[in-house]
Asker: 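Quick one: the structure is below, and I'll ask about it shortly.
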Number of protein chains: 4
Amino acid sequence: MFTRRQQEIVEAAIDLIAEDGIQNLTIKNLSRRIGVTEAAIYRHFESKLDILLAILTFFREQQTALFQSIQQQHHRALDRLKTFFIERFRQFTRKPALAAVIFSEEIFQNDPRLVKMINEIMDMTLKYVRGVILEGQSAAEIRTDISDEQLSLMALGGMRLLVARWHLSDHPFDLLQEGERLWEAIQQILEV
Amino acid sequence: MFTRRQQEIVEAAIDLIAEDGIQNLTIKNLSRRIGVTEAAIYRHFESKLDILLAILTFFREQQTALFQSIQQQHHRALDRLKTFFIERFRQFTRKPALAAVIFSEEIFQNDPRLVKMINEIMDMTLKYVRGVILEGQSAAEIRTDISDEQLSLMALGGMRLLVARWHLSDHPFDLLQEGERLWEAIQQILEV
Amino acid sequence: MFTRRQQEIVEAAIDLIAEDGIQNLTIKNLSRRIGVTEAAIYRHFESKLDILLAILTFFREQQTALFQSIQQQHHRALDRLKTFFIERFRQFTRKPALAAVIFSEEIFQNDPRLVKMINEIMDMTLKYVRGVILEGQSAAEIRTDISDEQLSLMALGGMRLLVARWHLSDHPFDLLQEGERLWEAIQQILEV
Amino acid sequence: MFTRRQQEIVEAAIDLIAEDGIQNLTIKNLSRRIGVTEAAIYRHFESKLDILLAILTFFREQQTALFQSIQQQHHRALDRLKTFFIERFRQFTRKPALAAVIFSEEIFQNDPRLVKMINEIMDMTLKYVRGVILEGQSAAEIRTDISDEQLSLMALGGMRLLVARWHLSDHPFDLLQEGERLWEAIQQILEV
DNA sequence: TATGAATGAGATTTCATTCAT
DNA sequence: AATGAATGAAATCTCATTCAT
């Protein structure tokens, strides 16, 4: 789907945003980081907007793959959720820049196509988590006195807030470790 | 603290950001909206950065006031939390633009002073919620089998995610109503 | 001729130029230094140009006074020259800012009225020194094998260069003392 | 060292300053004169400051070359000085703009890097002239009753003042011719 | 005499993008 | 596939100046 060069550009773009915010993502900075001319970027992407779209596409595909792999490997709802959460924390630990970008939806507000895609991704995630919770409720694994909607809000919201704190104050703690503790708490709350 | 004109500018700035993201906040747009020249803005703020700082200051002061008022009016931990959550949802319903700005910490990343202030605000909020939860745990109002840290992450995180969804998809539901439902769930989870 | 406030403005203007060059002389800086509003400056001078003209006028008058006083107090050419040189060095030592301004004719290039005045001042000085030298030559005090024109160029030029060096490298030596040594040399050269 | 375009820009900058002073050197004027957009200038120099530095670098290199060529071609001190003086007058006659710029040290006062470079150049020149005079004194070509320091001040100072007059009053005489007359006088003074 | 509020013009610089080579 | 040179538009900010109070 993406050529090697395109991937390189997308990764550099994510890094730039992570380092100093969206305003830091300019074609000049991008080309400098990769070591080519500004003009060269346009061999690989038609416009800056396309680069931003590529970032989101990249993330969406990764997430879709994660969902599928989870569905195949685990069958109990709580196991699925646990894998999803822990895997995400692991991802962010490996590539912190992604955290900076993917939870900052406001960054992409300036174009309708971007807004649409961000919405899709957020929807997809929420729907997945809600779906698994619903399954868990049907299977009597997860409490039913609170709706799947509220439970997913708190679970996902907790995760996002933890990641946001971690990123904003420059990774002052071990995200994976804290993530596991958060998951313990979430599990305790979800369980019947 | 702020003159009338300065307040006007800060509000216009919040609106501009809310409408189309940070990139929409230019001195030109700002001055046009207020109906003065670009140069006139600089009579009231030394630089654009100072306007952004003023937005954060404004929010911080509002929040500090809210905290104080809550502490005086309510004494049970769960009442305090409820008021905090509901009042926030009400605030965002009244001034949706604020939601767009205040939960988008990444927007302000490009200057150390801004990052510092954003961190302060986030810390302040988390500490407040954790503090009240701790009180509730001491008073046997709130469960103690999950730590105040994890509980506050889920509660605040849930709220942030709800607001983010609401803002991103252009206010498709009644935030106050959904907020109350979320609070019900949070309360159910916190209670002993 | 100039009101007290006007004098204050002129002095502040000289200081500003001396500190960081002509670009540092803005109405804003000027008013800030004096402690009034920008608008207030315009009560005392019609325009910035008039302030620059006032600086030159101020200097010209000071110099005219010096010339007259010298003519009255001394009668031998070499005494007159000596007083002129030493007095100038003393002046610059007392008010270093003046040196920065008055020997930087290029500063005033952007307006014909300023250029005209600068030329007048330079002409006046050169003519004075040449005149005194001529007198000295007639009175057989000063050598006649080199013309008054060349002698005045070297004498005045030497002084200007010494002052320029002193000002540019932030007053690293005692100007008056070095000035006296330079004068000794000049005198030795002028004498029959 | 400098590309062709960069040289072109430097020359245009010198001309602009010569015509109407530093305030006339704007990126707009510069680009207009060269026939490109303002943005194009920034392809060749990172900032306006760099252009000013380039002017000084250009002059310094020219001067260094002149020094070396003189040292190789002449061996008597007075010949060396003569060549230096006359060559300089010739230079200014050929490129009058340079005179306007290079003797107006105050113009560059607003940046420490510029001040430093101006000082270097002035020092270099004074040291060269003093050095040659010292040699002449050792070789009994030049009088020793006045120190090299005072002699160089008068010689160089005289030259600077002549050039300043010539430039300020719009080249009303033949600089080379007057320069030669000044040199005659200087020589007469230096000789034993 | 001075201020507070404003302005139009213009400064430097950056941006995404284009195009001939 | 990449570069070198350029551009038009726009960004932030500064300037001298004005005017009602």
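Side chains included, hydrogens not; waters and symmetry mates left out as well; all remaining heavy atoms used.
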Asker: Just jot down the side chain to side chain donor-acceptor pair (under 3.5 Å) partners of B/Arg32, sequence neighbours excluded, or say none.
Answerer: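 With sequence neighbours excluded, B/Arg32 shows a side chain to side chain donor-acceptor pair (under 3.5 Å) to B/Asn29, given in chain and number order.
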Asker: Write down the atom of C/His167, the atom of C/Ala18, and the distance for their closest heavy-atom approach.
Answerer: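 Distance-wise, the nearest heavy atoms are CE1-O, 3.8 Å.
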Asker: Applying side-chain contact (heavy atoms from CB on, under 4.5 Å), run through C/Arg43 and C/Arg5 and close with a yes or a no.
Answerer: CA-CA 10 Å; C/Arg43 278 275 139 205; C/Arg5 231 340 175 218; over 6 Å; no
Asker: Say whether, by atom type as modelled, one donor and one acceptor occur between the side chain of C/Asn24 and the main chain of C/Leu16 under 3.5 angstrom.
Answerer: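 Yes, the answer is positive, given that a donor and an acceptor are paired below the 3.5 Å cut-off.
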Asker: With nearest nucleotides of DNA chain F determined for C/Glu46 and A/Ala40 from heavy-atom distances, which residue corresponds to the more 5′ nucleotide?
Answerer: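 Its nearest nucleotide lies further toward 5', so the answer is A/Ala40.
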Asker: Write out the stems for DNA chain E, ordered by first number and formatted as range with range, counting runs of at least 3 consecutive Watson-Crick or G-U wobble pairs under 3.5 Å.
Answerer: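 Result, WC/G-U stems under 3.5 Å: E:2-21 with F:2-21.
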Asker: Look only at the side chain of B/Gln6 and the backbone of B/Thr3, and say whether a donor-acceptor pair between them is shorter than 3.5 Å.
Answerer: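 Yes.
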Asker: Under the criterion side-chain contact (heavy atoms from CB on, under 4.5 Å), which of A/Asn119, A/Val101, A/Val115 is the partner of A/Phe108?
Answerer: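 Running side-chain contact (heavy atoms from CB on, under 4.5 Å) over A/Asn119, A/Val101, A/Val115 with A/Phe108 returns exactly one hit, A/Val101.
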Asker: For residues 20-37 of chain D, which residues have at least one heavy atom under 4.0 Å from DNA chain F?
Answerer: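 Residues of residues 20-37 of chain D under 4.0 Å from DNA chain F: D/Val36, D/Thr37.
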Asker: Between C/Arg43 (CZ) and E/dG4 (C1'), how many Å, whole number?
Answerer: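 It works out to 14 Å between those atoms.
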Asker: For C/Gln6 and E/dT1, what is the distance between atoms CD and C1' respectively, to the nearest whole Å?
Answerer: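 After rounding, the gap between these two atoms is 13 Å.
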Asker: Considering only NZ, NE, NH1 and NH2 on the basic side and carboxylate oxygens on the acidic side, decide whether C/Lys95 and C/Asp15 come within less than 4.0 Å.
Answerer: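 A salt bridge links C/Lys95 with C/Asp15.
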Asker: For A/Arg5 and for D/Arg5, find the nucleotide of DNA chain F with the closest heavy atom, then tell me which residue's nucleotide is more 5'.
Answerer: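 Checking each residue's closest nucleotide, the 5'-ward one belongs to A/Arg5.
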Asker: Charged N to carboxylate O under 4.0 angstrom, A/Arg33 versus A/Glu8?
Answerer: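 A salt bridge is absent here (no side-chain N lies under 4.0 Å from a carboxylate O).
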Asker: Can you check the D/Glu38 CD to E/dG10 C1' distance for me, whole Å?
Answerer: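 Roughly 10 Å, once rounded to whole Å.
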Asker: Check step by step if side-chain contact (heavy atoms from CB on, under 4.5 Å) holds for D/Leu98 and D/Ile14.
Answerer: CA-CA 6 Å; D/Leu98 208 56; D/Ile14 292 174; 3.7 Å; yes
Asker: Using a 4.0 Å cut-off to any heavy atom of chain A, which nucleotides of DNA chain F are the first and last in contact, reading 5' to 3'?
Answerer: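 Taking any atom under 4.0 Å from a heavy atom of chain A, the span is F/dA1 to F/dG4.
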Asker: I want to verify a distance call: between E/dT13, E/dT7, E/dA16, whose nearest atom is closest to the B/Ala39 side chain?
Answerer: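 The listed nucleotide nearest to B/Ala39's side chain is E/dT7.
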Asker: Calculate, to the nearest 0.5 Å, the distance between atoms CD1 and CD1 belonging to D/Ile9 and D/Ile34 respectively.
Answerer: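 Here the interatomic distance stands at 4.5 Å.
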Asker: Check the distance between E/dA11's P and B/Tyr42's OH and give it to me in whole angstrom.
Answerer: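 So the OH-P distance, B/Tyr42 to E/dA11, works out to 17 Å.
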Asker: Start at the 5' end of DNA chain E and walk down; is the nucleotide closest to B/Ile41 or to D/Ser47 reached first?
Answerer: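 First, find each residue's nearest nucleotide; the 5'-ward one identifies B/Ile41.
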Asker: Could you list the donor-acceptor pairs under 3.5 angstrom formed by side chains in residues 46-57 of chain B, with sequence neighbours left out?
Answerer:
| unit_1 | atom_1 | unit_2 | atom_2 | d |
| --- | --- | --- | --- | --- |
| B/Ser47 | OG | B/Leu49 | N | 3.4 |
| B/Ser47 | OG | B/Asp50 | N | 3.4 |
| B/Ser47 | OG | B/Asp50 | OD2 | 3.0 |
| B/Lys48 | NZ | B/Leu25 | O | 2.7 |
| B/Asp50 | OD2 | B/Ser47 | N | 3.4 |
| B/Thr57 | OG1 | B/Leu53 | O | 2.8 |

Asker: Apply side-chain contact (heavy atoms from CB on, under 4.5 Å) to B/Glu120 and B/Lys116, showing your working.
Answerer: CA-CA 6 Å; B/Glu120 269 175 44; B/Lys116 191 170 162 253; 3.8 Å; yes
Asker: I need the residues from residues 9-19 of chain A with at least one non-hydrogen atom less than 4.0 Å from DNA chain F; give them sorted by number, or say none.
Answerer: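 Listed by number, there are none.
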Asker: How long is the span from the CD1 atom in B/Ile22 to the CG atom in B/Asp20, to the nearest 0.5 Å?
Answerer: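 Output value for this atom pair is 12.0 Å.
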